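One structure below.
Residue numbers begin at 1 in each chain, while the letters A, B, ... track the order of the sequences. Keep in mind that this is a model prediction, so the values were computed, not measured.
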Amino acid sequence: MSSVAQSTAGPTQKKPAKNKGLNAGQARTGYLLVAPTIIFLSVIIIYPLLKAVQLSFQKDAGLDPATGLFVEGGSAGVSNYTHWLLQKCGEVDCPPGAIGAQFYDAFWVTLFFTVVSVVIEVLLGMWFAMIMNRDFKGRGLVRAAILVPWAIPTAVTAKLFYFMFAFDGIINKLIGFVGISPQLWTSDPWAAKFAIIIADVWKTTPFMALLILAGLQLIPGDVYEAAQIDGATKWQTFLRITLPLVKVPLMVAVLFRTLDVLRIYDLPAILTQGAGGTTSLSMLVIKQKNEGFHSASALSTIVFLLIAFTAFLFIKFGGADVIQRPPSSKKAKDKDETPTPRDKDAQTGNPVAANATSTGA
Amino acid sequence: MTTAATTASTTAPPTSGQSEAQEIHFRSNRNAKIRMYIGLAVLVLWGLAPFYWMVVTAFRDVGYTFDSTPWPTHVTLDNFKTAFSTARGNHFGAALGHSVIIGIVTTAVAMLVGVFASYALARLQFPGKYAVLGVILGASMFPGVALVSPLFQMFSNLGWLSGANYQALIIPNISFALPLTIYTLTAFLAEMPWELEESARIDGCTPGQAFRKIMLPLAAPGLFTTAILAFIASWNEYLLAQQFSTNQTQTVTVAIAQFTGAQPHQEPYTAVMAAGTIVTVPLIIMVLVFQRAIVSGLTAGGVKG
């Protein structure tokens, strides 16, 4: 992270020499205050993560097929990874139906959930945010209503949709009114995938909408007035003004939602229990965990790398500026962009861009 | 909160004498209003309709589970009795208690540890500050499933996967509650008027007094909102709770997911909806009371001006 060096160099250079003692004191206090958090995160996240990597290169303890003797694990090399990536069960290809053989199905269905859910959430969230960004009575009521899906635990959401998606349930009755025949929402391959997407979109679009709304509320009204005087159409206004000005909060929201769906577990585990090819990568890890620890560790490491890589792509190329550095450390290419309200925010020293809510997915 | 969109949609100011223009203006204004109210109706329905259906079903007699009358019919409290009944091996009442304990301890630890880090990140300049923020944000994006295998092994070696070992649930919960707490609090603290602290010092307060008498009351809403968000996150957690809980520590989300009915393979829908209502209603009340604070907590940080 070269930005760290840049950002810290900025303020210290500007300070007069006599303030050096004060800065040193500040740094010491800073480290002291941050230390407990770093210790906690090291023990709770970083150590288990490294432990998982270590486990992933070991064999399960068990009977050696060659000698028939009980062996205590030992090094597995990369066999736990080839098990998933190359579908190898020992020396041979995994038989269909084995957990190892389900990897690519789980991978593609997780990707499918992610892309479809996030695209729908962005479109709907944008629309919701634009509705809420107007002046109307009962703003508090609408905001509270939209927070309800966010507040309901995912496990309860899954059970609620399981009930609504039942064969005799309300959704089949409602689609009956428009002439669609009843669907097997929790077992048919396509219907089950969309059942999960519908439940996920219902629960998380409000979060997306609220983040976009917060971005919209920063756009000063005179920008729109100027556009109107210049004769811009509504569509042009949206495309040339609204969209570029909400781009950063939107990308942050998309990043957090994408990572959330990539690790989706609660919804498919409870709503469809993996039926109809809805076993997500996280579900596959849990399934494998009961069969063999070390293979599960390899798979969870693959999931972790997938998520880390996706986050990297978003932050590097997608403009999801999750950590705001002071303007002095902003890269040169940012300079000729239109100044957005976020730049102002960066000057006030607010270092956090936006929140993700761990929805437990 | 400017009404940018409204000003944009209400067209040019009406000039006197041009009644035709006024008429068009009036009509487009009215159409925009109608469209807005349709949109608002969709929003409210979106948020409330499935929740409403859960509550209606929770109060509906089990014999009429799939009755699709849109208003409450065959009203009964039996489903709530069934939900709390332990006759079929469900321990929903106990699970409520476990979730409360786990939620409170998780929130308390996350707040206690997080408030110091947030203060440092919001107020102080020190080398490596942005690296620390990066680690915390990375932690918030961390997939919970990556913790399952290593922690399962560690916890079973420690003998924590049986009996009433709440720490086996609290410790993994802190892994997501702590990052959530820190970035919400950091955003809140960064926006506080810290110059008041200096004024208090100039007026003769000690640093401790300035913090206690001036800054703490100002920070209270932010601290409170953060605590609510952390508690809700812990209350709603399922994956880790499912993996690390025992009969004596089972949380509500796990209890609801595993609810068994009178016969195997027969889902006790109405009782589950009753249980879901009980689990959700406290959260809905919190949302109603603190919605403004929760929204600002959710979107705290860079998206504010």
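For the set B:Ala275, B:Ala120, B:Pro143, B:Gly276, the entry with the most heavy-atom pairs within less than 4.5 Å of chain A is B:Pro143. Note: A:Pro149 leads A:Pro149, A:Ala269, A:Ala158 in heavy-atom pairs under 4.5 Å with chain B. Across A:Thr29, A:Ile286, A:Ile146, A:Ile38, the residue that shares the most heavy-atom pairs under 4.5 angstrom with chain B is A:Ile286. Comparing A:Ala227, A:Ala155, A:Ala35, A:Ala232 by heavy-atom pairs within less than 4.5 Å of chain B, the highest count is held by A:Ala155. Most heavy-atom pairs under 4.5 Å with chain B, from the set A:Pro206, A:Ser297, A:Ala308, A:Ala209: that is A:Ser297. When each of A:Thr157, A:Asp222, A:Leu55, A:Ile229 is checked for heavy-atom pairs under 4.5 Å with chain B, A:Leu55 comes out on top. Considering only heavy-atom pairs separated by less than 4.5 Å from chain A, the leading option among B:Ile171, B:Val145, B:Thr270 is B:Val145.
Side chain of B:Asn79 to backbone of B:Arg60: a donor-acceptor contact under 3.5 angstrom is found. Checking side-chain atoms of B:Gln291 against main-chain N and O of A:Ala144 turns up no donor-acceptor pair under 3.5 Å. Side chain of A:Lys203 to backbone of A:Trp150: a donor-acceptor contact under 3.5 angstrom is found.
Only the side chain of A:Leu259 comes within less than 4.5 Å of a heavy atom in chain B; its backbone stays farther off. At a 4.5 Å heavy-atom cutoff, A:Thr301 makes no contact with chain B through either its backbone or its side chain. Within the 4.5 angstrom heavy-atom criterion, atoms from both the backbone and the side chain of A:Lys159 approach chain B. Contacts between B:Ile256 and chain A at a heavy-atom distance below 4.5 Å involve backbone atoms as well as side-chain atoms. Looking at B:Val109, the atoms closer than 4.5 Å to chain A (heavy atoms on both sides) all sit in the side chain, from C-beta outward. Residue contact with chain A, scored on non-hydrogen atoms closer than 4.5 Å, involves the side chain of B:Ile294 exclusively. A:Leu160 touches chain B through backbone and side chain together, each having a heavy atom under 4.5 Å away. Proximity to chain B is limited to the side chain of A:Ala311, based on heavy atoms less than 4.5 angstrom apart. Only the side chain of B:Glu267 comes within less than 4.5 Å of a heavy atom of chain A; its backbone N, CA, C and O stay farther away. For a residue to count as touching a neighbouring chain, one of its non-hydrogen atoms must lie under 4.5 Å from one of that chain's; by this rule B:Phe259 does not touch chain A. Only the side chain of A:Met132 comes within contact range of chain B, judged by heavy atoms closer than 4.5 Å. Heavy atoms closer than 4.5 Å to chain A are found in the side chain of B:Met154, but not in its backbone. With a 4.5 Å cut-off on non-hydrogen atoms, B:Thr57 touches chain A through its side chain but not through its backbone. When heavy atoms are compared at a cutoff of 4.5 Å, B:Leu40 approaches chain A by way of both its backbone and its side chain. Of the atoms belonging to B:Val272, it is side-chain heavy atoms, and not backbone ones, that fall under 4.5 Å from chain A. If you measure heavy-atom distances from A:Phe304 to chain B, the contacts under 4.5 Å come from both the backbone and the side chain. In this structure, chain B has heavy atoms under 4.5 Å from both the backbone and the side chain of A:Val201. Using a 4.5 Å cut-off between heavy atoms, A:Leu210 contacts chain B through both its backbone and its side chain. Both the backbone and the side chain of B:Met54 have a heavy atom closer than 4.5 Å to some heavy atom of chain A.
Against chain B, the residues from residues 44-51 of chain A that qualify, each with a non-hydrogen atom under 4.5 angstrom away, are A:Ile44, A:Ile45, A:Tyr47, A:Pro48, A:Leu49, A:Lys51 in number order.
By the 4.5 Å heavy-atom criterion applied to side chains, A:Arg143 and B:Arg292 are counted as neighbours.
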Step-by-step side-chain contact (heavy atoms from CB on, under 4.5 Å) determination, A:Val285 to A:Tyr265: CA-CA 10 Å; A:Val285 175; A:Tyr265 178 79; over 6 Å; no
Could you walk me through whether A:Ser282 and A:Ser280 pass the side chain to side chain donor-acceptor pair (under 3.5 Å) test, one step at a time? CA-CA 5 Å; A:Ser282 288; A:Ser280 68; 5.0 Å; no
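Nearest heavy atoms, B:Val287 versus A:Ala151: CG2-CB, 3.6 Å. Taking each heavy atom of A:Ser300 and A:Ala52 in turn, the nearest pair found is OG-CB, 4.5 Å. Between B:Ala241 and B:Thr251, the shortest heavy-atom distance links the atoms CB-OG1, 3.5 Å. Between B:Thr253 and A:Pro153, the shortest heavy-atom contact is CG2-CB, 4.1 Å.
With sequence neighbours excluded, the residues satisfying side chain to side chain contact (heavy atoms under 4.5 Å, CB included) with A:Trp127 are A:Leu124, A:Ile131, B:Val42. Annotation: ring pair (Phe, Tyr, Trp, His ring centres under 6.0 Å) contacts of B:Tyr37 (sequence neighbours excluded): none. For A:Ser56, the side chain to side chain donor-acceptor pair (under 3.5 Å) criterion is met by A:Tyr81, not counting sequence neighbours.
With 3.5 Å as the limit, one finds no donor-acceptor pair spanning the side chains of B:Gln258 and B:Gln242. In this structure, a donor-acceptor pair under 3.5 Å is present between the side chains of A:Thr242 and A:Tyr224.
Aromatic ring centres of B:Tyr119 and B:Trp194: separated by under 6.0 Å. Aromatic pair B:Tyr269/B:Phe66: ring centres closer than 6.0 Å.
More than 12 heavy-atom neighbours from other residues, nucleotides or ligands sit within 6.0 angstrom of CZ on B:Phe290.
The residue from B:Leu178, B:Val113, B:Ile182 that alone fulfils the side chain to side chain contact (heavy atoms under 4.5 Å, CB included) condition with A:Leu41 is B:Leu178.
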